[in-house]
There are 2 protein chains.
Amino acid sequence: MADAVRSERERAAHLGPERRRPQVLDAALALAVHSGVGAVTIGAVADNLGVTRPVVYACFRDRAALIEALVEREGERLLANALAALHSARGDDPEAVFVRGYRAFLDVVADCPDAWRLLFSTAPDPAGADKFREARLVMADNATRWLRPALTAWWDVAELDRKLPALVELFMSSCEAAARSLVDHPDGWRTQELGELYGRMMCRAFSAA
Amino acid sequence: MADAVRSERERAAHLGPERRRPQVLDAALALAVHSGVGAVTIGAVADNLGVTRPVVYACFRDRAALIEALVEREGERLLANALAALHSARGDDPEAVFVRGYRAFLDVVADCPDAWRLLFSTAPDPAGADKFREARLVMADNATRWLRPALTAWWDVAELDRKLPALVELFMSSCEAAARSLVDHPDGWRTQELGELYGRMMCRAFSAA
DNA sequence: CGACGTTACTACAGCAATGTAGGAATTTCC
DNA sequence: GGAAATTCCTACATTGCTGTAGTAACGTCG
C-alpha cells in the first residue's frame, strides 16, 4: 500500500537520519503514550511525522530497534532526574525528608510525564520487553539503595532484609500512585501539596514497618 | 496457512460451542497472563487447545468478543471474592480492620492470581479496552465506598472530598503492591504475614491523611 | 443399520504491517 | 550552471492474523 494515494503533502525536508532520529522518537513517544506501545508501528510513526516508512527505516534497523531506543532514551531521562530528586532528599527529620523526596519526584514527573507514562503505565511490548524490565529494575534498585539506610537509621526495622522486597514494592507503587494522581487529575493538585500528603502518609507507613 | 502441516494430532472431541467455550477462555487466560493480551490471537488460543481456528470462531464471534468475555469472566470472579473480603473487614480497631482487610484481599489474590494479573498487571488491549477500564473502575469504586466511612469515622480527615481520589489511588496501588509481592515472590511471604505488614503500615499512613 | 444433524477440519481470500529495491527530487560542492 | 551525493518517495514481495466457505468425521435417533 502506498503511504498516500496521490500525496497532497509537501515533500519532507532533507534532514537525514542523524537529525531525523530524535523526531522519529518524539513521534513514537506520542503514539505510545496516547494509544499504547502496540500502536507504535513504522507506518503510524511515519504518518505522524509527515514522512514515508523508508525514512523511518533509515533511522532504525527495524521496529524492535526503534522501541528499544525509545525506552532507552526516556528511561535515561527519567532516571537521571529521579536520581537527582532522591539525592536532594536528605536530612535528619524523617517526615521532612519524605516530603522533600515525594515533592522532588513529583516535579520530575510533572516535567516529563510522557516518559513516566511510557515506562510505568503502558504495556510492556514483546519488542522492547527486556528494555522495559531493565529500566524499571534500575529505578527499583535506586529506590532500594535510598530506602535501606533510611529504614535502618531511623526506625531500626526488624528483619529488614526479608521485608525489603515487599517494602520496595510498596514504595514504588506509592510513587506510581502519586504520579497517577498528578497526571490523571492535573487540576486538583499541585506537586507541592500532593508531595506533602504522600510524604507524610508514607513516612508514617514506613515507620511502622 | 493450514493449522498443522499434516496434522499428527488426534481429531478433537465433539464438545460443541457450549461446552467448549470455558476451555477457550481458560486457554486465552493462560496466554494473556504468560505473554500479554496481545498474544491472545485466535490461532494461538486454538493451538493451545489442540483445536483449529474455526472451532474458536464457533464459540466467539471474533477476537474482540473473546477478549471481552475473558475480562468479564475474570473480573466478576475477582470482584465477587474481593467484595466478600472487604465486607469481612469490619470492627472498631482500625489497625485490626486494615490487617483483616489486606489479609482477606491477599487470600483472594492467592486464590485466583491469574485473574488479578490479567486485570492489573497486563496491557489493556485496544480490543476490550473499555471492559478493562470498567473492571478496574468497579474495583476502585468499591474501594472508595469502603475507605470513605472509615476515614471519616476514625480520623476525621480534613478536606476528605478533595483528597479522596488521591487516597483511593494510593489504596489501590498498595493493594497492587501487596499482590505483586505475593505473586512474584511466593516463597518469601505467606498471605497472613504479608497482610499484617501491609495492614499495619497502611493503617498508619491513612491515619495521617 | 442407515439417514440426519452436529462438530471439527482443510483451504481460501483479505487486510495490515514489515522490510526492501529502484527511481525522483533536493542539496552541496566545484 | 552542472555533476555528485544525499535524502526522500513509489512500488513490490512477504509474513501473520482475521474471518469464511465448503467438506469430512462423528454421534444419535428412527
Side-chain angles (χ1 to χ4, degrees), chain A residues 1-24 27-28 31-32 35-70 123 125-129, chain B residues 1-24 27-28 31-32 35-70 123 125-129:
Chain A
M1 178 187 68
D3 290 343
V5 193
R6 203 51 177 163
S7 91
E8 317 268 334
R9 173 169 63 75
E10 291 289 312
R11 190 183 170 91
H14 260 54
L15 296 187
E18 290 309 320
R19 280 176 296 172
R20 183 76 75 189
R21 210 167 275 127
Q23 296 186 359
V24 172
L31 270 168
S35 319
V37 183
V40 179
T41 67
I42 303 289
V45 171
D47 280 358
N48 246 34
L49 203 59
V51 144
T52 55
R53 292 184 304 105
V55 173
V56 176
Y57 279 105
C59 298
F60 297 95
R61 186 168 32 75
D62 55 15
R63 193 186 107 101
L66 196 170
I67 308 265
E68 279 172 29
L70 178 63
D125 196 82
Chain B
M1 178 186 66
D3 289 345
V5 191
R6 202 53 176 164
S7 88
E8 318 268 333
R9 173 169 62 76
E10 291 288 312
R11 191 184 170 88
H14 258 55
L15 297 186
E18 291 307 320
R19 280 176 297 172
R20 185 74 75 188
R21 208 166 277 126
Q23 295 187 0
V24 172
L31 269 169
S35 318
V37 184
V40 180
T41 68
I42 303 288
V45 171
D47 281 356
N48 245 34
L49 204 58
V51 142
T52 55
R53 292 184 303 107
V55 174
V56 177
Y57 278 105
C59 298
F60 297 96
R61 186 169 32 74
D62 56 15
R63 193 186 106 101
L66 196 171
I67 308 266
E68 279 173 27
L70 178 63
D125 195 81

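Chain letters run A, B, ... following the sequence lines, proteins first, then strands; residues in each count from 1.
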**Request:** Confirm from the modelled atom types if B:Arg53 and D:dG19 form a donor-acceptor pair under 3.5 Å, side chain to base only.
**Result:** yes

**Prompt:** Where the side chain of B:Arg20 meets the backbone of B:Cys59, is there a donor-acceptor pair that is under 3.5 Å apart?
**Reply:** no

**Fill in**
Sorted by chain and number, sequence neighbours left out, salt bridge (charged side-chain N to carboxylate O under 4.0 Å, His left out) with A:Arg21 holds for A:Glu18

**Asked** Between B:Arg20 and C:dA8, does any side-chain N or O lie under 4.0 Å from OP1 or OP2?
**Response** yes

**Asked** In Å, rounded to the nearest 0.5 Å, how long is the span from OG1 of B:Thr41 to CG of B:Leu66?
**Response** 10.0 Å

**Request:** Could you tell me whether A:Ala13 contacts a base, only the sugar-phosphate backbone, or nothing, with contacts defined as non-hydrogen atoms closer than 4.0 Å?
**Result:** sugar-phosphate

**Prompt:** What does nucleotides 22-30 of chain C look like as a protein-contact string, B for base, S for sugar-phosphate only, - for none, at under 4.0 angstrom between heavy atoms?
**Reply:** --BBB----

**Prompt:** Roughly how bent is the helix from C:dC1-D:dG30 to C:dC30-D:dG1 end to end, in steps of 10 degrees, with each end axis from five pairs?
**Reply:** 0°

**Interatomic spacing from CG in A:Asp47 to CZ in A:Arg9 - rounded to 0.5 Å** = 8.5 Å

**Audit row: A:Gln23, A:Val51, side chain to side chain contact (heavy atoms under 4.5 Å, CB included) steps and yes/no** = CA-CA 11 Å; A:Gln23 296 186 359; A:Val51 144; over 6 Å; no

**Asked** Is the shortest side-chain N/O distance from B:Arg9 to OP1 or OP2 of C:dC9 below 4.0 Å?
**Response** yes

**Request:** Looking only at side-chain atoms of A:Arg63, point me to the closest of C:dG19, C:dA8, D:dC8.
**Result:** C:dG19

